[in-house]
Every structure is written in structure tokens, then in C-alpha cells.
Amino acid sequence: MGFDWIAYNAGRIGELTLAHLWMTLTPTLIGLVIALPVGWVAYRYRRLYPWIVGVGGLLYTLPSLAVFIILPMMVGTQILDPINVLIALTVYTFALLVRSVADGLASVSPETNQAAEAMGYSSMQRFVRVQLPVATPVIMASMRVILVTNVSIVSMAAVIGVPQLGSLFTEGFSRRQTLPIIVGIVVCLILAIILDQLVVRASKWLTPWLPKERA
Amino acid sequence: MLDFFFDPENWSGGNGIPMRTLAHLAYTFIALGIAAAIAVPLGILIGVTGRGEALIAGLANALRALPTLGLLILIVMLVAPLISSSLAFTIPAIIVLVLLAVPPILTGTYSGIQNADRNAVQAARGMGYTTGQILWRVQVPMALPLIMSGLRGALLQVVSTATVAAFVSLGGLGRYIIDGRATQDYPQMLAGALLVAVLALALELLFMLLERFVVSPGLQRKTTSGAALATA
Amino acid sequence: MIVFDNVSKQYPDGTMGVDGLSFTADEGQITVLVGPSGCGKTTSLRMINRLLEPTGGSILVGDADVMSQNVVALRRQIGYVIQNSGLFPHRTVLGNVASLPIMLGMSRKDARARAHELLETVGLDASYAKRYPWQLSGGQQQRVGVARALATDPPYMLMDEPFSAVDPITRAQLQQEFLRIQSEVGKTIVMVTHDIDEALTLGDRIVMLRTGGHLAQNATPRELLRNPADEFVANFVGRARGYGALGFTSDVQLDIQPARSVRIGEQTANDDEWLVAVDDESRPLGWLRTDDEGIAQHADVEHATIITRADGTLRDIMDAALSSPNGRGILVHEDGTLRGVITLEEVTRAIRVSKGL
């Protein structure tokens with residue numbers, strides 16, 4: 001067993017990687033799309049902030065394995081359905097990101113806000129053209145943490161039998177083989193690094209006004 | 001699933017809910033205690049001297065990117081054969097829990113010390129506080145909100161990972177999930193998941209109360225959430 | 001007494017922070033180090049309690065060179081007040097003031113009693129004792145900072161821009177109260193400021209430094225205004241030399257005239273004349289003019305008038321005359337009762353006399 005194992009299983013590793021990637025990216029993007037408006041609400045209505053951020057914090061407390069199992073009961077899906085993993089990760093992403101969005105929006109200086117208001121920007125225009133761009137570095141910094149974390153959380157789902165890179169860990173364990181585990185870890189790491197760098201690039205591209213060394 | 005909770009058999013003996021909850025708590029706090037004993041002093045040292053910050057950032061990022069499950073299984077497979085007692089699976093699992101708990105505590109402690117109000121430290125030095133007095137009476141109290149956040153993040157991480165560790169034969173509440181899965185006993189899985197979720201929430205709330213209690217009210221408006229330093 | 005003897009501070013990169021500085025801060029006096037940024041004034045201050053260490057010369061605190069003293073023991077006999085107060089955010093106001101005495105072995109009860117006393121001294125109401133620093137305004141924080149520095153009753157105090165971070169009105173108020181406190185406690189104080197007006201107001205002696213840490217002039221405020229050593233000092237003192245300098249001359253005999261006054265609520269004569277309105281305790285309120293015969297009313301008083309003490313500075317007296325609607329300034333006794341009035345002409349005469357013209 002060695003490189004021939006990798007060569008022999010290359011196709012399967014590729015499939016698992018794609019499944020892993022899909023299960024990481026989809027919920028992260030959906031979570032972002034939900035966190036933006038809710039974060040704005042938490043920023044705009046300060047009385048709601050502690051509630052929204054508090055609920056987010058509690059959701060984030062729930063161990064991922066438990067959420068994978070409890071979700072089917074709540075949404076009526078099958079217990080091994082990959083959709084459970086997607087929903088769970090969406091919840092996690094939302095829980096972490098909503099705070100960053102609210103705090104990022106709040107970091108826009110009052111002068112900037114007032115200037116935009118005085119120039120006749122509507123509330124919506126201010127959000128899209130002023131507050132969101134200024135908050136982008138904060139949100140993107142959170143996105144980096146979340147994406148990398150999500151790569152790890154997805155692998156947990158192997159314990160309940162949802163196939164992705166984590167399956168290499170559980171299979172390796174039941175067959176007492178370390179190679180699949182090491183391969184799984186390495187591919188997960190590469191995936192995390194690539195996704196992280198993509199966010200860094202995206203952040204730079206979205207915030208061309210920032211000094212080069214920051215992102 | 002309700003049947004599971006109403007079955008008296010599930011409330012007694014080594015596999016009963018009370019014992020497994022206790023076991024889960026024991027693993028959690030042993031790991032957290034060891035991690036704190038390592039990370040708090042080290043974090044203080046790095047925060048005071050300003051040396052080794054890059055090391056911390058690197059360590060935190062690397063451990064975040066490493067898939068927890070893979071790390072857990074790999075270490076158990078490598079370490080377990082070296083131990084010839086009934087703890088062959090427990091010890092490597094706890095090693096992994098400690099490993100995962102160290103970065104949040106380290107980051108919290110070091111950034112707490114780093115971000116402590118410099119004017120206050122400067123004033124204390126000028127007033128004739130010794131280095132030790134500055135550390136224990138000024139810097140550490142000011143760093144407490146972030147140290148507590150770090151501990152809370154680590155706790156979260158450990159409770160969650162201890163559940164998964166049932167896969168590598170660790171005891172605790174995760175057993176219900178793993179055993180239920182093996183025997184297609186979904187009610188048992190669900191019951192286990194609910195118990196774990198309730199335990200995690202209870203610990204989180206307990207810790208928030210503890211924070212209120214140990215952190216000076218003069219610093220509480222600056223308190224940051226534990227989630228920011230956690231890595232699920 | 002604090003003595004600087006040919007003190008230098010050279011940084012590792014070779015630049016001189018302070019260069020051959022000598023001066024003496026006398027017992028019980030306020031010595032102010034003043035100068036532009038980069039003149040080494042803060043560096044000099046911090047060398048006194050060894051937050052920085054001199055690279056040449058010697059600094060004596062009491063009779064001993066600071067470098068020969070135990071650094072903690074040295075600092076504990078020197079109170080230290082800094083710009084942004086440096087209060088401990090995790091301790092209450094009372095805790096901040098009492099912390100050092102308790103640490104040095106004073107009983108909690110005594111330390112708290114002392115802290116309460118000090119808060120009163122610095123003009124903070126007892127209701128603030130249980131608050132935390134973030135619940136105070138900048139001015140209040142500085143008051144706590146001063147109280148904390150006084151807590152162990154150290155013979156010396158170092159103050160680094162203590163009133164710079166507050167608004168001008170609060171600053172003037174804090175300065176006056178600080179002078180009052182100093183007249184009670186009589187500490188040997190070295191203070192740093194970049195504000196020449198503050199230096200002139202607070203200093204018994206001013207040590208002016210120029211960029212590079214050289215002494216520019218060491219003089220009393222009055223000498224500094226009258227005889228600036230060179231162009232640099234003259235420029236730095238700037239506008240303070242003119243009108244501002246009047247703030248230091250009050251030794252000229254003034255011709256104060258009696259004033260016609262009327263009590264609020266009393267009948268006034270209809271003679272189209274300016275009267276000084278006074279309250280029931282004979283304290284003047286301002287000028288009052290009556291067109292018609294009638295009762296003197298509060299609402300008719302010209303409150304814009306500045307009222308000042310007859311033994312005050314020429315600057316204050318001139319302000320009183322200038323702010324009056326009729327060119328005559330209202331002067332009061334020490335207890336606030338009416339002393340008399342002075343004309344603008346008499347003020348300018350007094351200024352000429354004081355300048356020897």
C-alpha cells in the first residue's frame with residue numbers, strides 16, 4: 001500500500017473532493033446572502049443587535065454532529081441526506097457572519113454616513129454604495145475564518161455516513177490504514193488554503209482603495 | 001425518541017444518561033484544564049514580551065484548517081498502540097482535545113495582555129508597581145474579558161469534538177450517536193444529539209454567567225463574544 | 001528638591017533626546033518644562049522616575065542620584081499624573097485612588113477613608129466613588145488621576161501634560177483648582193506642557209527647552225515675559241508677551257472710585273444714570289440703567305459685564321473695564337461685595353506705570 005493506493009483511488013478522491021467543495025461552498029454563500037440583510041437590521045436597529053448576535057452565538061455553540069442529526073427532525077429530511085449538512089453549515093455561517101456584518105457596518109464613520117445622507121443617498125443606496133464597501137474588509141476577514149472552519153466541519157459528517165473527504169478518515173479507521181487519513185487531511189488542507197486565498201483575492205479586488213499590504 | 005428518554009434503563013448504570021453526561025463533562029474539563037495550564041502562562045509570556053506572535057497566528061490558522069476528525073483519528077491510530085491499558089483510546093482523544101483547545105485560549109490571553117490599556121500600565125509603572133504587581137494587578141485583570149472569551153471558545157470546541165470522539169471509542173454522550181448509527185437506532189441518535197446540544201448550551205450559559213462574575217464591571221461593556229475566537 | 005545636572009539622553013540610533021540639561025526644581029514649587037514637540041521635555045520628565053534612564057549627567061531626587069536608588073522605592077515617593085489619566089479601567093474611582101496605599105500595607109478602611117478625602121480635595125462628589133473610569137468625563141478622569149497620585153502623600157509629583165486632553169473651559173477650571181490644591185499640599189512638582197499659557201499660569205518657574213533637548217531659558221514667568229533670552233523664546237512666548245503679560249502685574253496703586261448702587265427690588269431715581277445693581281448681600285450683579293422711575297429688576301441688568309477683584313491682575317481689571325457698557329469696570333472685595341468702579345483711563349495709566357513708561 002502506498003502510491004498505488006492513491007493512484008488506484010484517484011477517481012474516488014476526486015469525487016469526494018468535489019462533494020466536499022460543494023458542501024463547503026454552497027452553505028457559505030447562502031449564509032452570506034442571509035447574513036447581509038439580517039446584519040444590516042442588527043446594525044440599523046441597535047435594540048435588536050444583542051438579540052440577533054446572541055441567537056447567532058448560541059446557534060454557533062451547538063456541536064456540529066448534533067445539528068446534523070437534529071435538523072432532519074426539524075425540517076423533515078432523511079437522516080443521511082446531504083442537505084442536512086448544507087443546512088447546518090448555512091446556520092453556522094450565518095451565526096458567525098451576522099455579527100461581523102453588523103460590526104462592519106457600524107465601523108463606517110458617522111461623518112461618512114452623514115455626508116452620504118446629505119448628498120441625497122437613500123437608506124438603501126447608502127447601504128449598497130457606502131456602508132457595504134467600507135464593511136467589506138471586516139466581512140471578508142470573517143469569511144476567511146468561516147470557509148476554513150467549514151472545510152473541517154464538513155468532514156465531521158462522515159461520522160453519520162455522508163460521503164465527502166471525511167469518509168477517508170472513517171474508512172481508514174475501520175480498516176486500520178493511516179494512508180487514506182493522511183491523504184484526506186492533506187487534501188482538506190489544500191482545499192482550505194485555496195479557498196482562503198480566493199477570499200483574500202476577492203477581498204483585494206472588492207476593496208481597491210485599501211493599501212496593498214492589507215486585505 | 002421520547003421512549004428513549006422514558007426508558008428507566010437509560011437513566012442508570014455506566015451507559016445511562018447521568019454517567020455519560022458526567023463522562024462527557026469530565027473529558028471536557030480535563031482537556032480544558034490542561035489546555036489552560038499550558039496556554040494561559042504561555043499567552044501571558046507572549047503578550048508581555050511581544051515575542052512569538054507570528055508563532056501563535058500560524059498555530060491558530062494551521063489548527064483551524066486541519067480537519068478535526070482527521071486529526072482525531074490519525075492521532076488515536078498512531079498513539080493508541082503505544083498505550084497498553086484501558087485508556088488506550090482515551091488518552092490520545094484527550095491529547096487532541098487539548099491540542100484544539102490551546103489556540104483559542106492562547107490567542108485570547110495574548111491579545112488580552114497586548115490590548116490592555118497602555119496608559120494604565122504606564123501609570124502603574126510610574127507609580128512604583130513592580131513588574132509582578134503590574135502583571136497581576138493591572139494587565140491580567142484588564143485581559144480577563146479576552147481570556148474568558150478564549151476559554152469559552154475552547155470549551156465550545158472541546159464539547160463538540162468530544163462528541164465526535166465517540167467514533168474513536170471515547171465515552172460520553174457521543175456514544176448514543178455513534179452506537180445508534182451502527183444499529184440504525186435513529187431515536188437513540190436523536191436523543192444523543194439533543195443531550196449534546198443541551199449540554200453545550202448549558203455550558204455556554206454557565207460560562208457567560210461566570211464571565212459576569214469574574215470580569216470587572218469596569219470592563220464589561222468591552223466584552224467580546226467567545227464565538228469570535230472559537231473554531232467549531 | 002529635584003536637580004538636573006548636565007543630564008543627557010542619547011538614543012541607540014545616536015539622536016540626542018536631551019543634551020546637557022541642568023536646572024533645579026525647588027522644594028514646594030511647580031517647575032514647568034515647556035517647549036515644542038521633540039524638545040525632550042517628556043523625556044526629561046520620565047528620566048526623573050526612571051521610566052527612561054539618562055545616558056549622561058545625574059538627576060538628584062532629594063539628596064540621592066536616581067540611578068543609585070531602588071527604582072520601585074524611587075517611584076513610590078513620586079506621584080505620577082499622565083495625559084489620558086491612565087486610570088485602571090477595572091477598578092472603581094475609589095479603587096483607583098486606594099489601590100497603591102492598600103498595596104503598600106495601609107488597611108482597607110484607612111485607605112478608603114483617605115481616598116474619600118482626596119476625592120473631595122480634587123472636587124469630585126462622593127457619588128462618583130463607586131463608578132468606573134469609562135463612566136467619567138475626561139476632566140473627571142484627570143481629577144481622579146491627581147487624587148490617585150496624591151494617595152500615598154508623596155513629596156514629589158510628576159505631571160505629563162495633565163490637562164491637555166480636556167476642553168479649554170474644563171482645562172482652565174482644572175488649572176485653577178490644581179493651584180488651590182497645590183497651595184494646600186505644597187508638593188515639589190515637575191510638569192510638562194506644550195502650552196505656554198498653561199506654563200505661565202501654573203509655573204513658579206519655567207524651564208523652556210528647544211528642539212534637541214537644549215535649555216533655552218530658565219526663569220520665572222514674569223522674567224520670561226519681560227526678558228526672553230533670545231528670538232526662539234520670544235517667538236514661543238509669542239502673543240503672551242503683550243496683553244497676556246498683564247496677567248502678572250498687580251502691584252500698581254489703583255484709583256478706585258465709589259459706585260452708585262441699587263439693590264434689586266428697590267426704587268430707583270429717574271435720572272438716566274448707570275447704577276451698579278447689587279443683591280441682598282451687596283454683591284454686584286452688573287450695570288443697570290433706568291429710563292423711567294421704577295423698581296430695579298433682575299431682567300434689566302447687563303449681565304455681559306465682567307466683574308473682578310480689586311486686588312486681581314491688570315489683565316482681569318482691564319477685561320472688566322472693556323466689557324462694561326460705559327467704560328467703567330466693577331470691582332469687588334475678596335468676599336465678593338462691591339468695592340467700587342474703575343475707568344478705562346485709570347487702567348491704561350496703571351499699565352503705563354507698571355511698564356515704567
Side-chain angles (χ1 to χ4, degrees), chain B residues 40 43-44 47-51 108-152 208-224, chain C residues 42 45-52 69-97 99-104 130-136 141-142 144-146 148-152 154 156-162 165:
Chain B
V40 171
I44 289 176
V48 170
T49 60
R51 285 180 197 180
T109 308
Y110 127 86
S111 49
I113 297 279
Q114 277 266 298
N115 294 329
D117 185 344
R118 273 157 205 273
N119 283 318
V121 174
Q122 170 85 234
R125 185 166 289 125
M127 286 159 67
Y129 279 57
T130 63
T131 309
Q133 287 165 337
I134 293 174
L135 181 63
W136 293 112
R137 290 167 192 257
V138 183
Q139 287 172 306
V140 169
M142 287 196 289
L144 261 187
L146 284 179
I147 296 178
M148 292 301 282
S149 289
L151 283 171
R152 190 143 61 96
M208 283 164 80
L209 274 180
L210 187 68
E211 270 183 54
R212 283 272 155 108
F213 192 67
V214 300
V215 173
S216 157
L219 299 166
Q220 298 225 343
R221 87 198 152 120
K222 294 174 189 163
T223 307
T224 47
Chain C
T42 297
L45 189 85
R46 289 187 180 170
M47 285 192 289
I48 300 174
N49 62 0
R50 280 181 60 186
L51 288 173
L52 296 172
Q69 303 186 38
N70 174 286
V71 66
V72 168
L74 169 76
R75 287 172 184 165
R76 284 182 183 170
Q77 53 171 330
I78 306 175
Y80 188 47
V81 182
I82 59 177
Q83 183 174 354
N84 294 97
S85 81
L87 294 182
F88 303 147
H90 59 295
R91 309 299 305 272
T92 60
V93 165
L94 198 72
N96 264 283
V97 180
S99 58
L100 189 59
I102 290 173
M103 210 169 77
L104 298 183
K130 292 266 183 271
R131 296 205 193 172
Y132 285 93
W134 67 271
Q135 296 167 306
L136 305 181
Q141 291 188 14
Q142 286 308 121
V144 180
V146 172
R148 182 173 66 173
L150 290 170
T152 51
Y156 307 98
M157 288 241 291
L158 303 181
M159 308 180 83
D160 190 356
E161 303 262 8

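Note on naming: letters A, B, ... go to the chains in the order of the sequence lines (proteins, then strands), and numbering restarts at 1 for each one.
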To the closest 0.5 Å, what do you measure between CG (C:Asn84) and CZ (B:Arg118)? 14.0 Å
Of all the heavy-atom pairs spanning [X] and [Y], show the shortest one and how long it is.
X	Y	answer
C:Arg76	B:Met127	CG-O, 3.7 Å
B:Tyr129	C:Ser99	OH-OG, 3.2 Å
B:Ala123	C:Arg148	CB-NH2, 3.3 Å
B:Ser216	C:Arg91	OG-N, 4.4 Å
B:Ala120	C:Pro89	CB-CD, 4.2 Å
B:Asn119	C:Ile82	O-CD1, 3.5 Å

Tell me, side chain or backbone of C:Arg50 under 4.5 Å from chain B's heavy atoms, or both, or neither? neither
Give, as side chain, backbone, both or neither, the part of C:Leu51 having an atom under 4.5 angstrom from any heavy atom of chain B. side chain
Okay, B:Arg137 and chain C: the region with an atom under 4.5 Å from a heavy atom over there is both
Given that the side chain runs from C-beta out, which part of B:Ala124 has a heavy atom under 4.5 Å from chain C: side chain, backbone, both or neither? both
Is any side-chain heavy atom of C:Tyr80 closer than 4.5 Å to one of B:Gln122? yes
Are side-chain heavy atoms of C:Phe88 and B:Asp117 found at a separation under 4.5 Å? no
